[in-house]
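Working notes, beginning with the structure itself.
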Amino acid sequence: MIAPLAALAGLVLLTGAGAGLIGLLRSPEASDADPPHVGWCFLAGTALAGLLLHVPLAIDGRIPRSAFLFVLGLGLVLAAGPGRALVRSVGVTRFLGRDLLRALPPWLRVVAVLLVLLAAAASLGPFAGWDERAIYGLKARVLYHEGSVHAEAFADTAYVHSQSRYPLLVPLLEATLFTLRGSFDDRGLRLLFLLFSLSLALVVAGEARRLHGARAGGLWGLLLLTTPMLIGSSEGSGLTGSADVPLAAFVTGATVLAGRSLQRTDSGAPLLAGLLLGAAFATKQEGMIWALALGGAVLLTLWRFPVARTADLARGAAAAAAPALLFLALSLAASRWTPRSAWSERYEVVLRLDWLRRLGARPAGIAPFVLRQLADWKSWGWVWVLVVAGLLFLRRPRIGRTPFFWRTTILAVFAADLAVFAVTPNQVHWHLATAFPRLLLHLLPLATLVLAEQVGASGWPGRAPAEAEATP
C-alpha cells in the first residue's frame, strides 16, 4: 500500500505546483464562469515539471536525482504559497469540481462517484500493457536508475527498445514518482493517468459550464468520462500508461485557452496555453500536428471574425509562443543524445514520387475503416455517433468565433491524420488498427465540446449560448 500512497503524494505535489503557477498567472480580466479547478492545476503542474526536468537532459543527456527532488520541492513551495491562496479565492467546492457533481441528478452523481472509485481501484496495480512497460515505463526506469539517456537502452541501436526516440515528458513524470517512493515499483503509477483522464473531463465540463451552466457542464463531463477509451484498461486506453490521454489533455487545454483568448483579453490564458502546447510537443510527436493546426485555425478564425484589439492578440500570441517554443527546443535538444534505433520506422520514402504514385487506391480503403471505428461502441460508447448526429440534425443560429475555431482545429488535425495514413510506408490496415483509435482519442474531448455547444445553441438546456454575447 506504500507505493500507491507515495504516487498519490507526488501527484498532489504536482497539482499544488500547478495551482501555484495558475495563482501567479491569473489576471484580473479572467472570467469567473470557469474558475481554476484541480484539473487545470494538474495539467499546469505536470507541464511545469516536464519543462524543468527537460533542462538537464537538454544540456548533456543526464538528469541527476536532485532534479526530481527540486521539482517536488518546488511543488511544495508553490502549493503552500500562491496555490493555497488560489484555492481560498476560488473555494474548495468549485476547485474540486464538486459544484459540477452537485448539478447532476442524484442517480448520475452515484454513477460518477462509482465510476471514479472503480477506476481508482483498477489503477492501484502494476503496469501490464505493452506501452506502459516496453515504451514509457522502460524509459522511466532507465531515467530513474541510470539518470541518463546515454544508458544502453537508449544508446545501443540494436537494443530492443520500442520507440526509443519518443518524447520524454511522460517517462520523466513517472521517474519523478519513482524518486519519491525510492524505487521503481510501479504499483499505483496508473493513478497518474487516471488524473489525466479526470482532469480532461473537468476541463471539458468547465468549458461547457462556462457556455451553458453547471448542469450542462456536469453532463458533458460525465459523458466524456464514461467513454471506454478514456477510462478503460485495454491496450491504448486511458489507464494503460500510454501517452495518448496526457496528449489529449494538453492539446484540449491549449485549444480551450486559445479559444478564450480569441474571445476576450486575459493575459494569463495565452501563457498557460503555450505551456500546455509545449507539453504536448514533449509528450508525443502528434503535438506538432496540433500546433500547426491551432496556428492555422487562429489565422482562419481571425480572417472570418476580424477583431479590433490586434495589439492584445499580438501580445497574446507572443506570450503563448514563448513557453511553447522553449519546450520544443528543450525536447529536441534532449532527443539529440539518442541515436536512431534500428527498430524505428523510416518515413523518408513518402517523399519519393514513385511511392506517391502507387497510393491512389488507399483513400478508398481508409474510409470504411474510419466509419467502422466511429461506430465502435465498445471503444467509444455513443459519443462519436452523437457528435455526427448532433452536427447533422440539430438546428442552431450562426456559428460564433470560438465554436468556429474549435471546428476548424478538429478538421485540420483530422485531415492531417488521414494524410499520414494515406502515405504511410507501413502496411496501411495494420497502421490504421494500431494508431487510428489513439488519434481519435486526441480529438474526442474537443469534439465533445463542439457537440455540447451545438446542443446548447439549439436551445438545451434553456440558456442562451455565450457566443450570443457581444464580442469585441
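- A donor-acceptor pair under 3.5 Å links the side-chain atoms of Thr46 to the main chain of Leu43, judged by distance alone.
- With Arg65 contributing its side chain and Tyr144 its backbone, the two residues share a donor-acceptor pair below 3.5 Å.
- Atom CG in Leu21 sits 5.5 Å away from atom CG in Leu48 (nearest 0.5 Å).
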Notebook entry, point to check: So Asp244 and Ser242, side chain to side chain donor-acceptor pair (under 3.5 Å) or not? Walk me through it.
Noted result: CA-CA 6 Å; Asp244 293 288; Ser242 171; 2.6 Å; yes
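- The shortest side-chain heavy-atom distance between Val370 and Phe421 does not fall under the 4.5 Å cut-off.
- The only option from Leu192, Leu191, Leu198 that meets the side-chain contact (heavy atoms from CB on, under 4.5 Å) definition with Leu195 turns out to be Leu198.
- Rounding to the nearest 0.5 angstrom, the gap separating the CG atom in Leu222 from the OG1 atom in Thr227 is 9.5 Å.
- Judged by the 6.0 Å and 45° rule, Arg88 forms no cation-pi pair with Phe95.
- At least one donor-acceptor pair closer than 3.5 Å links the side chain of Arg336 to the backbone N or O of Ala333.
- Between Trp380 and Leu444, the closest side-chain pair of non-hydrogen atoms falls below 4.5 Å.
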Item checked: Audit row: Leu262, Val298, side-chain contact (heavy atoms from CB on, under 4.5 Å) steps and yes/no -> CA-CA 8 Å; Leu262 290 173; Val298 166; 4.2 Å; yes
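- Between atom CG of residue Leu440 and atom CH2 of residue Trp384 there is a gap of 5.5 Å, rounded to the nearest 0.5 Å.
- Atoms OG1 and CG, from Thr252 and Leu446 in turn, are 6.0 Å apart once rounded to the nearest 0.5 Å.
- Shown here for Arg141 and Phe184, the closest heavy-atom pair between the two residues is NH2-O, 3.6 Å.
- Although no hydrogens or angles enter the test, the distance criterion places a donor-acceptor pair under 3.5 Å between the side chain of His54 and the main chain of Gly50.
- In this structure, the side chains of Met229 and Val383 stay at 4.5 Å or more apart for every pair of heavy atoms.
- Proximity of the aromatic rings of Phe369 and His429 is defined here by a centroid distance below 6.0 angstrom, and this criterion is not met.
- Using a 4.0 Å cut-off between charged nitrogen and carboxylate oxygen, Glu174 and Lys139 do not count as a salt-bridge pair.
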Next item on the list: Apply side-chain contact (heavy atoms from CB on, under 4.5 Å) to the pair Arg260 and Glu207, showing each step before the final yes or no.
Entry: CA-CA 10 Å; Arg260 293 182 187 180; Glu207 187 67 359; 2.7 Å; yes
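- Annotation: the span from Tyr136 atom OH to Leu172 atom CG amounts to 13.0 Å, rounded to 0.5 Å.
- At a threshold of 4.5 Å between non-hydrogen side-chain atoms, the residues Gln373 and Pro437 count as touching.
- Not a single donor-acceptor pair under 3.5 Å links the side chain of Arg190 to the backbone N or O of Gly241.
- At least one donor-acceptor pair under 3.5 Å links the side chain of Ser197 to the backbone N or O of Leu230.
- Within a 6.0 Å sphere centred on CZ of Arg84, other residues, nucleotides and ligands contribute 12 heavy atoms or fewer.
- Minimum interatomic distance between Arg187 and Arg181 (heavy atoms only, all atoms of both residues): O-NH1, 3.1 Å.
- Taking the side chain as every heavy atom from C-beta outward, Thr424 and Leu432 never approach each other to under 4.5 Å.
- Residues Leu168 and Val149 meet the side-chain proximity criterion, which asks for heavy atoms closer than 4.5 Å.
- Residues Phe42 and Phe196 place their aromatic rings such that the two centres sit under 6.0 Å apart.
- Residues His37 and Val203 come closest through the heavy atom pair CE1-N, 3.8 Å.
- Closest approach of Ala412 and Ala293 over heavy atoms only: CB-CB, 3.7 Å.
- No donor-acceptor pair under 3.5 Å is formed between the side chain of Tyr166 and the backbone N or O of Lys284.
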Note to self: Could you walk me through whether Leu439 and Phe414 satisfy the side-chain contact (heavy atoms from CB on, under 4.5 Å) test, starting with their C-alpha distance in whole Å, then the side-chain angles of each, then the deciding distance to 0.1 Å, before giving a yes or no?
What the structure shows: CA-CA 8 Å; Leu439 299 177; Phe414 190 63; over 6 Å; no
Item checked: Stepwise side-chain contact (heavy atoms from CB on, under 4.5 Å) check, Leu177 with Leu11 -> CA-CA 8 Å; Leu177 300 181; Leu11 297 174; 4.1 Å; yes
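- Residues Arg209 and Leu100 have side chains in contact (heavy-atom distance under 4.5 Å, counting atoms from C-beta outward).
- With rounding to the nearest 0.5 angstrom, the CG atom of Leu449 is 10.0 Å from the CH2 atom of Trp220.
- Here the closest heavy-atom approach between residue Pro167 and residue Ser331 is recorded as CB-OG, 4.4 Å.
- Between Trp337 and Ala58, the shortest heavy-atom contact is NE1-O, 3.7 Å.
- Considering only heavy atoms from C-beta on, Val387 stays 4.5 Å or farther from Val450 through its side chain.
- Between Trp377 and Trp382, the ring-plane angle classifies as parallel under the 30° and 60° cut-offs.
- Looking at Thr255, its side chain does come within 3.5 Å of a backbone N or O of Val251 through a donor-acceptor pair.
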